Amino acid sequence: MTAPEAGDAGPDDVTPRAAQQPAPPSREPHTDTVPDPDEERPQEARAAQRELFAHTPDFILGEGTGFGGSLVGGSQHGVSGGQVGGDVYLGGRTEIHHHGPAATAQGASGEIPPERLDALAAVFAEGPAFGTALERLRDERVLVLRGAHATGRNAAAVMLLHRLGVSAVHALSPETPPAALSAQLTRPGGYVLRDLPLSRNRPLRDTHLFAARDQLGKADGYLVVTVENSPHLPGITPCAWVPPGARVSYGRSWPGIDRTTSTRCSPSNR
């Protein structure tokens, strides 16, 4: 038998080293592989919002910016929407605020014409208590006449000042707040405040009269306030005014005031 040559390998011949080499690893990913921590993942909505606010410039989202409902406060840059409500400012804005004493915004006052005072004095009839009220006004500089409607308290108030011999009689607005009364008494002469409205939330206190008396002493003035029968006079002793037995009609000489006068001031209410 002829033996095969050494260079010819049979089909069953296997090289020992080739048989010992391991199989190449599989390229398919393993199902239990741990993900890379550095791999970028999508952020949550809240985290994205916080990061947006943290990196937004201050001129867009500063300390004055606020969000609530559909309202956005602060300066807005590039606003767009289907409908924008409220004031819209394009560019800069300048606001000017004027501040002054509160008394400057109160009701105006004016001087009663001298001819009207003379016409009233020609027909005015003094009552038995007129002299007592006049002395009280001269001593205290402030007098409150309290009485019912249409008792002549307004005409009597004007005549009290006229009989004092003041240079002028100024009529104050009934809308003057009691707390701002002293701020109106800056000129010499007489002042009359007719039919001052009083209520539980707007009383006339003794402190208001104290301040008015101090100011009248500096300006050399006198004040008469007329009110209806009211319990809202804490700390004040008003002069009770009742109509006299004889009524005097002023007709056309004094339009706009009561047509009857009362000059009775109860001494017990002083």
Side-chain angles (χ1 to χ4, degrees), residues 106-113 116-137 140-164 166 169-181 184-185 190-206 208-209 212 222-270:
Q106 305 303 331
S109 64
E111 180 182 352
I112 299 177
R116 296 189 63 182
L117 297 177
D118 296 337
L120 178 60
V123 296
F124 182 77
E126 296 184 7
F130 187 84
T132 304
L134 185 61
E135 291 299 327
R136 182 176 173 184
L137 176 61
E140 302 179 9
R141 290 188 177 270
V142 180
L143 183 66
V144 178
L145 297 182
R146 182 179 65 179
H149 180 67
T151 57
R153 61 180 185 269
N154 290 335
V158 175
M159 283 294 97
L160 284 171
L161 296 170
H162 184 69
R163 297 294 170 85
L164 280 179
V166 296
V169 177
H170 304 275
L172 301 179
S173 171
E175 302 301 326
T176 303
L181 183 59
Q184 305 289 329
L185 314 174
Y191 296 87
V192 58
L193 202 167
R194 295 172 289 189
D195 299 333
L196 176 65
L198 301 177
S199 63
R200 181 174 60 87
N201 297 326
R202 186 183 174 178
L204 179 63
R205 303 181 181 276
D206 54 353
H208 300 149
L209 297 188
Y222 298 87
L223 170 66
V224 180
V225 181
T226 65
V227 296
E228 293 190 357
N229 293 324
S230 173
H232 307 297
L233 296 167
I236 297 177
T237 303
C239 181
W241 212 253
V242 293
R247 296 174 179 267
V248 179
S249 176
Y250 302 109
R252 300 177 182 176
S253 61
W254 191 257
I257 67 169
D258 297 339
R259 294 181 178 274
T260 60
T261 61
S262 173
T263 54
R264 178 183 176 185
C265 183
S266 175
S268 62
N269 292 335
R270 288 190 61 183

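When a residue number appears, it is its place in the shown sequence, counting from 1. A quick note: this is a predicted structure, and the numbers were derived from the prediction, not measured.
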(request) Check whether any side-chain heavy atom of L198 lies under 4.5 Å from a side-chain heavy atom of P203, and answer yes or no. (result) no
(message) Among residues at least two apart in sequence or on other chains, which ones pass side chain to side chain contact (heavy atoms under 4.5 Å, CB included) with A179?
(response) H208
(message) Can you tell me how far apart CG (L143) and CG (L160) are? Round to the nearest 0.5 Å.
(response) 6.5 Å
(message) Could you report the tightest heavy-atom contact between G235 and D206, atom names first, then the distance?
(response) O-CB, 3.4 Å
(message) List the residues meeting side chain to side chain contact (heavy atoms under 4.5 Å, CB included) with P231, not counting sequence neighbours, and say none if there are none.
(response) none
(request) Name all residues meeting the side chain to side chain contact (heavy atoms under 4.5 Å, CB included) criterion together with D118; count only those two or more places apart in sequence or in a different chain, and write none if there are none. (result) H162
(request) Taking atom CZ of R205 as the centre, report whether more than 12 heavy atoms of other residues, nucleotides or ligands fall under 6.0 Å from it. (result) no
(request) Rounded to the nearest 0.5 Å, what's the gap from CG on L164 to CG on L137? Could you check? (result) 5.0 Å
(message) Once side chain to side chain contact (heavy atoms under 4.5 Å, CB included) is applied, do any residues pair with P174, and if so which ones, sequence neighbours excluded?
(response) P197
(request) Name all residues meeting the ring pair (Phe, Tyr, Trp, His ring centres under 6.0 Å) criterion together with Y222; count only those two or more places apart in sequence or in a different chain, and write none if there are none. (result) none
(request) Could you grab the distance from atom CG of L204 to atom CZ of R146, nearest 0.5 Å is fine? (result) 11.5 Å
(request) Kindly write out the residues that satisfy salt bridge (Lys or Arg N to Asp or Glu O under 4.0 Å) with E228, not counting sequence neighbours, or none if the list is empty. (result) R153
(message) Quick check for you: to the nearest 0.5 Å, what is the distance between N229 atom CG and H149 atom NE2?
(response) 12.5 Å
(message) Would you compute the distance between atom CG of D195 and atom CG of N154 and round it to the nearest 0.5 angstrom?
(response) 4.5 Å
(message) Could you check whether any side-chain heavy atom of V227 comes within less than 4.5 Å of a side-chain heavy atom of P238, counting everything from C-beta outward?
(response) no
(message) R141: which residues meet the side-chain hydrogen bond (donor to acceptor under 3.5 Å, both in side chains) condition with it, sequence neighbours left out?
(response) none
(request) Check R194 against T226 and note the closest heavy-atom contact, atom names and distance. (result) CA-OG1, 3.0 Å
(message) For R163 versus F124, what's the shortest heavy-atom pair and its separation?
(response) NH2-CD2, 3.9 Å
(message) With rounding to the nearest 0.5 angstrom, report the CG to CG distance, L181 to L209.
(response) 7.5 Å
(message) Let's go through T176 and L196 carefully: what are the C-alpha distance in whole Å and the side-chain angles of both, what is the deciding distance for side chain to side chain contact (heavy atoms under 4.5 Å, CB included) to 0.1 Å, and is it a yes or a no?
(response) CA-CA 8 Å; T176 303; L196 176 65; 5.7 Å; no
